[in-house]
K.L.:
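Take this structure first; my questions come after.
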2 protein chains.
Amino acid sequence: MRKKVAELAGVSEATVSRVLSGGGAVKEETARRVLEAAQQLNYVPSALAQRFALRKSGNLGVILPMLPKVNLFSTYYFSEVLSGIGMTAKQRGYDLLLLFREPHEPRDYANLFRTQKIDGCIIVGAQDTPSEREALAELKQGHYPFCLVNQRFEGEAYNSVDADQRTGSIDAVRHLVSQGCTRICFLNGPSEYSNSEDRLLGYRQALEEAGLSFLPERVLLGNYSRKSGYLQAKAVAALVREGRIDAVIAANDRMAIGLLQGLKELGIRVGEEIALIGCDDSDIVRMTDPPLTSIRVPFFEIGCEAASKLLDIVTNTEDAEAFAVKLPVKLIERASSSAEDAKKA
Amino acid sequence: MRKKVAELAGVSEATVSRVLSGGGAVKEETARRVLEAAQQLNYVPSALAQRFALRKSGNLGVILPMLPKVNLFSTYYFSEVLSGIGMTAKQRGYDLLLLFREPHEPRDYANLFRTQKIDGCIIVGAQDTPSEREALAELKQGHYPFCLVNQRFEGEAYNSVDADQRTGSIDAVRHLVSQGCTRICFLNGPSEYSNSEDRLLGYRQALEEAGLSFLPERVLLGNYSRKSGYLQAKAVAALVREGRIDAVIAANDRMAIGLLQGLKELGIRVGEEIALIGCDDSDIVRMTDPPLTSIRVPFFEIGCEAASKLLDIVTNTEDAEAFAVKLPVKLIERASSSAEDAKKA
DNA sequence: ATGAAAGCGCTAACAG
DNA sequence: CTGTTAGCGCTTTCAT
């Protein structure tokens, strides 16, 4: 095939290669003839062979947890991040290799590089567990380029792109305080996710700044699922009735929505008796009643940034800069956080 | 590397290859030595080189529309389908190559095969447009294995996996009729999607079976977005007030939810003055007020089935059976379709 | 059962 | 500028 193109154009196969992969210098006239011949014979070089010869897969790996039916992560989150990664990878000529990780499967990320399936990888939904740390350490040691998304590992300077969750919590608290709330509750997610800790940190800091005291009884725990939020409704309702809290910040929208439903069933009016703020500003917050105030996180941009920075490293070969990007978040006010009655109380 | 393994095991490189890729017959003792040597040297064969030698990419391509901010498709839909495909591909030793298609980019699917990036591909979110038909015809003509998901092309016998949307509509109508509804409205999506037509067909058929007449004024059109459902609220409200309809079936959940919100704003009580049924049973229908009756579509299973059947063809080389699978759907009853008042009226 | 050697389709020196 | 040639790391006849 390639040979026939060479013949038709009256050149050697090497020249065909040079023309079609933009490499070496070729006379314009020659290039034109080759291009024509290729067109005529409907020939395109095999990416597989090219990549083999170059010893580069041309693939950007994206590792994500297999989303089971009841997933802790929202489909919104993954769709946005993935779209951002995909768009960027495409622009830079990389293909996306999707790697689903079953929950309890060994995390042998390094093998993806050894087998030359990928040239770099982005890890989404990583957790701070021993096995994860081990897998990442192996990547680091092998000098395999990788990047974490929305996860930080204390004590390790891994490449990462994250949202400024801490400031998000601070904004949320300030907003509530400006609404007159003084007894703010925080419904957090599991500590395996650094975001959980970041959000809590922001919450505490903002309380302090506002001269409010931090009370352990005002910190609740869920697992980021809607159900876990729903299950906390009883506890929250009790606190509300006893006048011990006048607002809740949930660490993600799913829990906030579960909580909202639970409170509704218990006769507590969100947005009146109590203010509620979610986090992520996912597509569902506009569909609840009342609409949910939430912290918008630029997931799409996070994906773009992660892919972009990582591919810089993958391609630059040399001056590979490590990075730890933090993108700003933004509080989107809606009806759930007005808490008019609470203010008056 | 491979050479060192061969040395360490005291065999030739060919034997190393035979052992590590399970090919030819090797004495057990020899195999053990090779495996040990490989382990010791931390050697794994390069998938890139293997695939090149075998002239197979080992990749299953998944083509999906780039999800823009305001997407017609729900993230739920893609997540489920993709997870199903991913799980199945993984089980069968294939990697997933994700291919985002920008809306107005030329659809050169065949090139993915020519460049040997993929061995087969699944097309998600295809539309019945001339350019799409052209791209698919080229695939067909090149004997490139592919499979459509949730889309049918009239007059072409392409491999496909779909839900039985028609029966879904029939079930929905029957359910409404059993609730006492007799003036059922249908909010459909664009005709580029064969599912739209299928659902409408079922609607008409069920009306006929129930002895109800089909009225054009009872067929509304949206574009599957929440907004398009929202925008139809005024028209629907008017019909309700004039007593000309007592139920609405929306062709997907997003439109149903938009409609629900719009009706709520107009003071129409869904589940009382009018019954409402959505389609897809996506994760959001449990979060609305009232919860939405919806037609559950097994998206995950659709993904599994598509990947499984397609890979059968990709691997079998010979007795490649064409297929057109239709998976059953199931009506999930919730509060939005009780329409008690309408029944009495 | 194993080794030797050819070749997959392309890139990349190296000559000319 | 262009042709020649030697690999890239693996699979696979073909011998032995």
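Chain identifiers are assigned alphabetically (A, B, ...) following the order of the sequence lines, protein sequences preceding nucleic acid strands; residue numbering begins at 1 within each chain. Just so it is clear, the structure is predicted and the values come from calculations on it, not from any experiment.
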K.L.:
Checking E28(A) against R32(A) for the salt bridge (Lys or Arg N to Asp or Glu O under 4.0 Å) test, could you report, in this order, the C-alpha distance in whole Å, the side-chain angles of both residues, the deciding distance, and whether it holds?
P.N.:
CA-CA 6 Å; E28(A) 197 167 326; R32(A) 202 186 42 68; over 6 Å; no

K.L.:
How far apart are the C-alpha atoms of R133(B) and E156(B), what are their side-chain angles, what is the distance that settles it, and do they pass the salt bridge (Lys or Arg N to Asp or Glu O under 4.0 Å) test?
P.N.:
CA-CA 9 Å; R133(B) 278 183 177 263; E156(B) 313 282 356; 3.7 Å; yes

K.L.:
Short of 4.0 Å, heavy atom to strand atom, which residues of residues 26-46 of chain A count as contacting DNA chain C?
P.N.:
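Contacts with DNA chain C under 4.0 Å: Y43(A), P45(A), S46(A).
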
K.L.:
Would you mind classifying the nucleic acid contact of S17(B) as base, sugar-phosphate or nothing, using non-hydrogen atoms under 4.0 angstrom?
P.N.:
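Base, at least one base atom sits under 4.0 Å.
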
K.L.:
Using the test ring-ring contact (aromatic ring centres under 6.0 Å, His included), find all partners of F323(A) that sit at least two apart in sequence or belong to another chain.
P.N.:
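Here no residue qualifies.
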
K.L.:
Give me the ring orientation class for F113(B) and Y144(B): parallel if the planes are under 30° apart, tilted from 30 to 60°, perpendicular past 60°.
P.N.:
parallel

K.L.:
When you list every nucleotide of DNA chain C with an atom under 4.0 Å from a heavy atom of chain B, which one comes first 5' to 3', and which comes last?
P.N.:
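Taking any atom under 4.0 Å from a heavy atom of chain B, the span is dA1(C) to dG9(C).
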
K.L.:
For a salt bridge (Lys or Arg N to Asp or Glu O under 4.0 Å) check, start with the C-alpha distance between R152(A) and E154(A), then their side-chain angles and the critical distance, and finish with the verdict.
P.N.:
CA-CA 6 Å; R152(A) 184 171 44 71; E154(A) 200 61 51; 3.0 Å; yes

K.L.:
Looking at CD of E321(B) and CG of N159(B), how far apart are the two atoms once the value is rounded to the nearest 0.5 Å?
P.N.:
10.0 Å

K.L.:
Taking the side chain as C-beta and beyond, is there a heavy-atom pair between E102(A) and K90(B) under 4.5 Å?
P.N.:
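Yes, side chains in contact.
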
K.L.:
Contact class for R55(A) vs. all strands (heavy atom < 4.0 Å): base, sugar-phosphate, or nothing?
P.N.:
sugar-phosphate

K.L.:
Over its full length, what angle do the end axes of the helix from dA1(C)-dT16(D) to dG16(C)-dC1(D) make, each axis taken from five pairs and the result rounded to 10 degrees?
P.N.:
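What I find for the helix from dA1(C)-dT16(D) to dG16(C)-dC1(D) is an axis angle of 30°.
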
K.L.:
Starting at the 5' end of DNA chain C and moving along, which residue's nearest nucleotide shows up first, R18(B) or Q116(B)?
P.N.:
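Looking at the nearest nucleotide for each, R18(B) comes out on the 5' side.
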
K.L.:
With side chains defined as the heavy atoms from C-beta onward, is the minimum distance between L99(B) and D95(A) less than 4.5 Å?
P.N.:
yes

K.L.:
Using residues 7-16 of chain A as the side-chain source, report each donor-acceptor pair under 3.5 Å to any protein atom, sequence neighbours left out, with the distance given to one decimal.
P.N.:
residue: S12(A); atom: OG; partner: A14(A); partner atom: N; Å: 3.4
residue: S12(A); atom: OG; partner: T15(A); partner atom: N; Å: 3.4
residue: S12(A); atom: OG; partner: T15(A); partner atom: OG1; Å: 3.4
residue: E13(A); atom: OE1; partner: R2(A); partner atom: NE; Å: 3.4
residue: E13(A); atom: OE1; partner: R2(A); partner atom: NH1; Å: 3.0
residue: E13(A); atom: OE1; partner: R2(A); partner atom: NH2; Å: 2.7

K.L.:
Answer yes or no: is there a donor N or O on one side and an acceptor on the other, between the side chain of Q151(A) and the main chain of S194(A), under 3.5 Å?
P.N.:
yes

K.L.:
For the residue pair Y77(B) and F299(B), categorise the inter-ring angle as parallel (less than 30°), tilted (30 to 60°) or perpendicular (more than 60°).
P.N.:
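The arrangement is perpendicular - the two ring planes meet at more than 60°.
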
K.L.:
Less than 4.0 Å between a side-chain N and a carboxylate O, is that true for D108(A) and R101(A)?
P.N.:
no

K.L.:
Would you please indicate yes or no on a ring centroid separation below 6.0 angstrom for Y224(B) and F73(B)?
P.N.:
no

K.L.:
Please find the earliest and latest nucleotides of DNA chain D, in the 5' to 3' direction, that have an atom within less than 4.0 Å of any heavy atom of chain A.
P.N.:
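The footprint of chain A covers dC1(D) to dG9(D).
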
